*Asks:* 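My questions all concern the structure below.
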Amino acid sequence: MAALNSVLEQVTNTINERSAKTRGRYLDQMERAREEGPHRKVLSCGNLAHGFAASGEDKSPLKDMVWANVGIITAYNDMLSAHQPMQDYPDQIKAALRKVGAIGQVAGGVPAMCDGVTQGQPGMELSLFSRDVIAMATAVSLSHNMFDSALCLGTCDKIVPGQLMGALRFGHLPTLFLPAGPMRSGLPNPEKARIRQLYAEGKVNRAKLLDAESASYHSPGTCTFYGTANSNQMLMEIMGLHVPGSAFINPGTELRDAMITATAQRAAKITDLGQDYRPLGQAIDARAIVNAIVGLHATGGSTNHTIHLIAIARAAGLIINWDDFDALSKVTPLLTRIYPNGQADVNHFHAAGGMAFLIRELLGAGLLHDDVLTLGADSLADYATEPFLDGEGLTWKQPPEDSADPEILATVAKPISSDGGLRVLSGPIGRSVIKISAVKAENRLVEAPAIVFEDQAELMQAFQDGKLERDFVAVVRFQGPKANGMPELHKLTPPLGVLQDKGFKVALVTDGRMSGASGKVPAAIHMSPEALAGGPIGKIRDGDIIRLDAEAGTLDIKVDKAEWDAREQATADLSGNEAGMGRELFSGFRRVVCCAEDGAIALPELDGAALESQPETVPA
């Protein structure tokens with residue numbers, strides 16, 4: 001195994017230095033929580049009686065306080081295909097636990113909304129904030145103080161980051177994650193995207209579009225493209241919070257059922273009651289966060305994690321910023337081609353060698369910290385193995401020496417690209433991120449006049465009216481967390497893709513988000529500061545020449561400095577965002593939320609101001 005890459009070491013050291021005070025306070029708080037007991041012993045008899053009143057056959061072990069009690073945090077609902085399989089997980093978990101002298105209780109549920117359902121709808125304005133609601137709901141669930149470890153059932157976009165943020169505030173407890181796995185492959189994702197573009201051009205009707213969407217999203221399990229939900233599973237695996245191999249096993253299979261059992265029993269094994277105590281707060285340190293960022297780059301993962309990983313780190317007392325992402329991108333090779341970065345879906349990636357092959361490659365090249373504390377197995381090296389059924393149990397084996405398809409899953413020696421799939425863009429407009437792993441080289445530099453829109457509906461209307469048949473940079477502002485909750489603007493992808501395919505040079509600049517599955521159009525997203533917070537994106541006017549250079553990491557505007565400095569900030573009527581579809585309940589979130597680079601957190605004790613974060617250059 002190669003020595004640790006020097007940039008990984010430098011970035012890790014920088015994070016530790018930057019976070020010395022906040023991490024120290026966090027660890028002190030977690031140690032105090034541990035010392036207060038596990039944890040039923042500190043409850044009064046009345047407290048405890050309430051806690052096991054309905055526990056049936058588990059009542060006696062809970063009363064005697066001999067067996068470990070695993071708190072289950074479930075995100076089950078049967079509208080989300082990715083969460084529908086979790087309906088029976090609690091009963092399976094409890095049965096598995098009893099076999100090893102442990103107990104499980106459903107500690108609570110968290111909301112789980114689907115961005116696929118809410119794309120382009122008012123409900124999408126609640127999506128990002130739902131992550132912090134989930135963090136709070138996870139904390140409420142664990143606050144009963146009945147548990148020796150926790151098991152989070154979740155898969156999709158905001159659910160897993162929110163559960164992890166909440167669990168980290170109970171970081172004295174071991175916590176494992178258990179997904180449902182991806183649905184089996186249906187209509188290929190590129191064909192779905194083609195039908196979407198044809199619909200945007202008016203060449204197919206709604207019935208044809210719905211047929212294509214239904215053939216793509218067709219059964220229980222996660223959507224098969226490599227967006228935020230599947231990036232979540234990669235991250236949980238590479239951070240050591242799954243039992244190895246959990247990420248991409250299809251639901252409803254014998255192997256998935258065996259992984260449920262293995263995860264439950266592992267959660268019972270690593271409590272403070274035994275000899276192998278593995279607390280979550282110790283595991284999620286700077287090394288684990290760096291490993292997560294490397295995994296994101298190596299797989300061309302979701303841009304949403306340039307926000308979520310920052311928030312997760314904050315929950316553990318760690319301060320990271322986009323400079324850390326940028327430095328690690330430059331030394332991390334891109335090893336996968338999964339849609340939208342290629343033609344394959346996550347099932348094809350898994351069949352080609354999957355996470356075990358990927359982690360083995362990165363470890364072998366010194367591109368992961370191998371000395372991290374993992375919860376789902378004894379070491380990170382165990383994650384370079386894949387599970388197989390062995391009678392009624394499981395065995396783990398080495399992945400094949402060679403990838404089954406190097407076009408989908410490559411080696412470090414022969415990568416798909418020499419560096420990662422994400423970039424940070426900086427310039428007079430602010431700081432933003434761009435996903436380039438799906439952008440063709442000839443489209444990574446765009447210099448064109450700006451066309452300014454105050455919401456995505458304006459752009460869609462201009463496209464339908466035929467007013468965008470030219471080179472331009474679409475500036476869509478007042479889409480940040482303070483303005484309207486920072487909805488994803490994924491509906492813009494088909495029309496901009498149509499214009500790009502016609503030969504026009506097009507790009508997007510926005511203080512909003514794009515779907516984690518956004519692809520071929522260069523998009524400078526998460527612009528910070530946002531327009532409503534006085535960000536320079538509010539000074540852009542129609543016709544200003546903008547130059548986006550993804551390779552150089554720059555986003556410039558060709559306006560005379562004196563004129564630029566003298567310009568007034570644009571304003572927008574945001575009253576339509578303030579009420580309806582529950583948005584009025586989140587007015588407090590919009591007031592206190594911090595900027596995207598600080599994690600877009602609406603929890604003041606975790607936000608950038610409280611932690612005094614400042615961007616800085618990391619040695620390259």
Side-chain angles (χ1 to χ4, degrees), residues 73-87 89 108-141 152-167 177-180 182-183 213 216-217 220-225 227-233 235-236 251 302-305 307-308 311-312 456 479-481 483-491 512-518 577-590 593 596 599-603:
I73 314 297
T74 179
Y76 163 74
N77 68 51
D78 62 7
M79 183 191 70
L80 268 72
S81 63
H83 288 206
Q84 184 269 352
M86 296 174 184
Q87 180 177 11
Y89 278 23
V110 302
M113 66 182 294
C114 178
D115 287 2
V117 174
T118 57
Q119 285 287 355
Q121 305 298 319
M124 174 53 81
E125 296 180 19
L126 307 186
S127 174
L128 180 58
F129 290 148
S130 77
R131 181 199 67 194
D132 293 5
V133 172
I134 291 162
M136 291 188 287
T138 301
V140 169
S141 300
C152 292
L153 314 183
T155 301
C156 284
D157 296 20
K158 315 308 173 299
I159 293 89
V160 169
Q163 287 177 320
L164 182 50
M165 290 168 65
F177 283 73
L178 184 59
M183 66 179 67
E213 299 283 0
S216 181
Y217 309 120
T222 316
C223 308
T224 61
F225 59 81
T228 310
N230 285 314
S231 295
N232 283 341
Q233 306 322 310
L235 291 172
M236 294 304 98
S302 170
T303 52
N304 282 322
H305 283 297
I307 296 176
H308 296 325
I312 289 165
Q456 60 180 326
Q479 303 301 306
N484 62 355
M486 205 178 188
E488 289 186 349
L489 307 176
H490 190 45
K491 286 184 71 173
R513 295 184 296 127
M514 292 293 280
S515 165
S518 297
N577 303 333
E578 294 173 357
M581 206 59 68
R583 288 175 289 182
E584 59 273 21
L585 299 174
F586 289 81
S587 60
F589 282 57
R590 291 191 292 271
V593 68
I601 303 169
L603 306 173

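Computed over heavy atoms, backbone and side chain alike; hydrogens, waters and symmetry mates excluded. Along the sequence shown, residues carry numbers from 1. All values reported here derive from a predicted model rather than from experimental measurement.
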*Asks:* State whether the side chain of Asn232 and the backbone N or O of Pro161 hold a donor-acceptor pair below 3.5 Å, judged by distance alone.
*Replies:*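 Not confirmed, Asn232 side chain does not pair with Pro161 backbone.
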*Asks:* Over all heavy atoms of both residues, which pair between Ser127 and Asp115 is shortest? Give the atoms and the distance, please.
*Replies:*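 Scanning both residues completely, I find the closest heavy atoms to be OG-OD1, 2.7 Å.
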*Asks:* Is the closest side-chain heavy-atom distance between Gln119 and Met124 below 4.5 Å?
*Replies:*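 Yes. Closest side-chain heavy atoms under 4.5 Å.
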*Asks:* Cys156 versus Thr228: any side-chain heavy-atom pair under 4.5 Å?
*Replies:*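 No. Closest side-chain heavy atoms not under 4.5 Å.
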*Asks:* Identify the two heavy atoms, one from Ala75 and one from Gln163, that lie closest to each other, and give their separation to 0.1 Å.
*Replies:*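 Closest pair (atom of Ala75, atom of Gln163, distance): CB-NE2, 4.1 Å.
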*Asks:* Could you tell me the separation between the NE2 atom of His490 and the CE atom of Met514, rounded to the nearest 0.5 Å?
*Replies:*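 Here the interatomic distance stands at 7.0 Å.
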*Asks:* Taking Gly221's backbone N and O only, do any of them form a donor-acceptor pair with Ser81's side chain (distance below 3.5 Å, no angle check)?
*Replies:*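 Yes; at least one donor-acceptor contact below 3.5 Å.
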*Asks:* Any donor and acceptor pair, going by atom type alone, linking the side chain of Gln233 with main-chain N or O of Thr155 inside 3.5 Å?
*Replies:*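 Yes.
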*Asks:* Return yes if some donor-acceptor pair links the side-chain N/O of Thr118 with the main-chain N/O of Cys114 below 3.5 Å, else return no.
*Replies:*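 It does hold such a pair.
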*Asks:* Any side-chain heavy-atom pair from Arg131 and Ile601 closer than 4.5 angstrom?
*Replies:*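 Arg131 vs Ile601: side chains touch.
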*Asks:* Return the set of residues passing side-chain contact (heavy atoms from CB on, under 4.5 Å) with Gln87 (not counting sequence neighbours), or none when no residue passes.
*Replies:*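 Counting only residues at least two positions away or on another chain, Gln87 forms a side-chain contact (heavy atoms from CB on, under 4.5 Å) with Tyr76.
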*Asks:* Begin with the C-alpha distance, continue with both residues' side-chain angles, and end with the deciding distance and a verdict on side chain to side chain contact (heavy atoms under 4.5 Å, CB included) for Asp132 and Met165.
*Replies:* CA-CA 8 Å; Asp132 293 5; Met165 290 168 65; 3.8 Å; yes
*Asks:* Is any side-chain heavy atom of Met581 less than 4.5 Å from a side-chain heavy atom of Leu126?
*Replies:*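 Side chain of Met581 against side chain of Leu126, heavy atoms only: no contact under 4.5 Å found.
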*Asks:* Would you say Asn304 and Glu488 make side-chain contact, with heavy atoms under 4.5 Å?
*Replies:*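 With C-beta onward as the side chain, the pair touches.
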*Asks:* Can you tell me if Arg590 uses its side chain to pair, donor with acceptor, with the backbone of Arg583 under 3.5 Å?
*Replies:*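 Pair found, side chain donor or acceptor close to backbone of Arg583.
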*Asks:* Do the side chains of Thr222 and Pro179 get nearer than 4.5 Å, heavy atoms only?
*Replies:*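 The answer is no; the side chains never approach within 4.5 Å.
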*Asks:* Can you name the nearest heavy-atom pair linking Met113 to Gly123, along with the distance?
*Replies:*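 Looking at all heavy atoms of both residues, the shortest contact is CE-O, 3.4 Å.
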*Asks:* So do the side chains of Val133 and Lys158 get within less than 4.5 Å of each other, counting heavy atoms only?
*Replies:*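 A side-chain contact is absent here, since even the closest heavy-atom pair is not under 4.5 Å.
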*Asks:* Test side chain to side chain contact (heavy atoms under 4.5 Å, CB included) on Met183 and Thr224; report intermediate values, then the result.
*Replies:* CA-CA 7 Å; Met183 66 179 67; Thr224 61; 3.7 Å; yes
*Asks:* Is it the case that the side chain of His308 and the backbone of Val160 share a donor-acceptor pair, with hydrogens and angles ignored and the cut-off at 3.5 Å?
*Replies:*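 It does not hold such a pair.
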*Asks:* What is the minimum heavy-atom distance between Ala180 and Tyr89, and which atoms define it?
*Replies:*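 Shortest heavy-atom contact: CA-OH, 3.4 Å.
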*Asks:* Counting only N and O atoms by type, is there a donor-acceptor contact under 3.5 Å from the side chain of Ser231 to the main-chain atoms of Ser302?
*Replies:*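 Present.
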*Asks:* Within the structure provided, determine whether Leu603 and Met136 are in side-chain contact (heavy-atom separation under 4.5 Å).
*Replies:*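 Heavy-atom side-chain distance check passes, below 4.5 Å.
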